[in-house]
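First the proteins, then the strands, lettered A, B, ... as listed; each starts at 1.
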Number of protein chains: 2
Amino acid sequence: MTATRSRLAPEARRRQIVDAARTLYVERPYDEVSTAELAAAAGVARGLINHYFGSKRDVFLEVMRSSIRMPESELPDLSDLPLPERARRTVDWILEAAETYGHAWLAASGAADLHGGGELQAIVDEADDHAARLTLDALGLPDDPHLRARLRSLAPLFKSVCREWQQRGTLTRAEAADLLTDTVLLFATKETTR
Amino acid sequence: MTATRSRLAPEARRRQIVDAARTLYVERPYDEVSTAELAAAAGVARGLINHYFGSKRDVFLEVMRSSIRMPESELPDLSDLPLPERARRTVDWILEAAETYGHAWLAASGAADLHGGGELQAIVDEADDHAARLTLDALGLPDDPHLRARLRSLAPLFKSVCREWQQRGTLTRAEAADLLTDTVLLFATKETTR
DNA sequence: TCGACTATTGGCAAAGTGTCAACAGACGAC
DNA sequence: GTCGTCTGTTGACACTTTGCCAATAGTCGA
């Protein structure tokens, strides 16, 4: 019954394995999913998993890496709007993205450090930093390290608010947008007492 | 060289194992630490680990559970201060706690869902909810589900801001306090447009 | 059609996990 | 002081899983 062995381009095969792994990891924890299952789900031999990813954890990290990134879709040019309006639209754009791609994003978002041994933390941090850069750009603000640190710390807030809104229904979307918009403005503009 | 087998009260033994495990998990990821190592670090036989915790993951979850909770130390009575001042002092109290017990708290905080299969997520959520309740109490605000949902979503923000401040040094403590105080006030009081 | 390249497989050896019957401190009864 | 019971603790066993590697077989160009 062995379906004739198929030969794919390495990249395609990698994607195929990662995709199969993702669907398994959403409903079962890391150490309950064996490489045998991973291989079966992807329809390949077990050995191939190690061939492509090295170790089992590397598969997991790759799944995270690919799930965690915000979609790169373009935000329309906001450069001639006043800052508060730019903030509002930026937040709205993020919420929109969360609504569409949200599940994987939220599912992956919280998972960090202890597991994955700092590597996972690094992946999450990179994604948050990336999001901060995008946001600063959308707001038309300069990308200096200090401002970016501020905005970076907002990424986990976005995720937790989206979780309250989408998964628990304890906040409405409008309310989430209001709160986040004000917070973005606060973090982006507040002068600190020296 | 077998140190004569010692016999401890189950609770003491559990604590001993959890403590030993914690020190291992801070610098090595979950699946790189074997139960043999756990046992060796705690100075017990491998079988005892399963006897007390059932499975390897249960040890890990117990480590998280015990690391993640905010300290229960008392916040002085703030009931006759104006709300903004109460917020300022509450935030300050949390930052103080973060400074003291912070490392374990921050290390454990981010770790969530995919690993641990929802159980870990539930543990983190419980801790965040608990923190939200404490905060509402300190602010002297009513503990209704909606307000609590708002404050609960702030917990990850506190953690990420503390990380920027303590681990990266990108924010000063005063700045962190300022931003968080304003955000708490915002989330605690803002009326949403209906 | 042939040959080289390499994606893919299956099986092996080492390591890890959970279980269990047997062992041995601790404590009360006498 | 000695015996007997209770139960915390151990070491070994059976099973699963992981990473590795030599052999296999698609695929493409000559």
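Scanning for side chain to side chain contact (heavy atoms under 4.5 Å, CB included) contacts around B:Glu99 gives B:Glu96, B:Trp165, B:Gln166, B:Arg173, with sequence neighbours left out. By the side chain to side chain contact (heavy atoms under 4.5 Å, CB included) test, B:Ala36 is found to be paired with B:Ser34, B:Arg46, residues two or more places apart in sequence or in another chain being considered. For B:Ala131, the side chain to side chain contact (heavy atoms under 4.5 Å, CB included) partners at least two apart in sequence or on another chain are B:Met70. Partners of A:Arg89 under the side chain to side chain donor-acceptor pair (under 3.5 Å) rule, at least two apart in sequence or in another chain, are A:Glu85. In this view, A:Glu37 and A:Arg28 satisfy the side chain to side chain donor-acceptor pair (under 3.5 Å) rule, not counting sequence neighbours. In this structure A:Thr183 satisfies the side chain to side chain contact (heavy atoms under 4.5 Å, CB included) test together with A:Leu154, A:Leu157, A:Phe187, B:Thr183, B:Leu186, B:Phe187, sequence neighbours excluded.
Taking atom CG of B:Leu48 as the reference point, atom C1' of C:dC20 lies 14 Å away to the nearest angstrom. Computed from coordinates, the B:Glu11 CD to D:dT7 P distance equals 16 Å when rounded to whole Å. The distance from atom CZ of B:Arg28 to atom P of C:dG16 is 11 Å, rounded to the nearest whole Å. Counting to the nearest Å, the C1' atom of D:dT9 and the CD atom of B:Gln16 are 12 Å from each other.
Taking the centre and axis of the six-membered ring of A:Phe53, the NZ or CZ atom of A:Arg14 falls inside the cone set by 45° and 6.0 Å.
Residues A:Leu136 and A:Leu147 are in side-chain contact: their nearest non-hydrogen atoms beyond the backbone lie under 4.5 Å apart.
Note on residues 136-145 of chain A: pairs passing side-chain hydrogen bond (donor to acceptor under 3.5 Å, both in side chains), not counting sequence neighbours, are A:Asp143-A:Arg148.
Within the nucleic acid shown, A:Phe53 has no heavy atom closer than 4.0 Å to any nucleic acid atom. When heavy atoms are screened at a 4.0 angstrom cut-off, B:Leu8 is found touching the sugar-phosphate backbone but no base atom.
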Between the protein and nucleotides 4-6 of chain D, are there any N/O to N/O pairs under 3.5 Å, and if so, what are the atom names and distances?
none

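Contact annotation: B:Arg5 side-chain N/O to D:dG8 OP1/OP2 distance is not under 4.0 Å. Contact annotation: A:Tyr52 side-chain N/O to C:dT8 OP1/OP2 distance is under 4.0 Å.
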In 5'-to-3' order, the base (B), backbone-only (S) or no-contact (-) status of each nucleotide in nucleotides 12-19 of chain D, using a 4.0 angstrom heavy-atom cut-off, is B-----BB
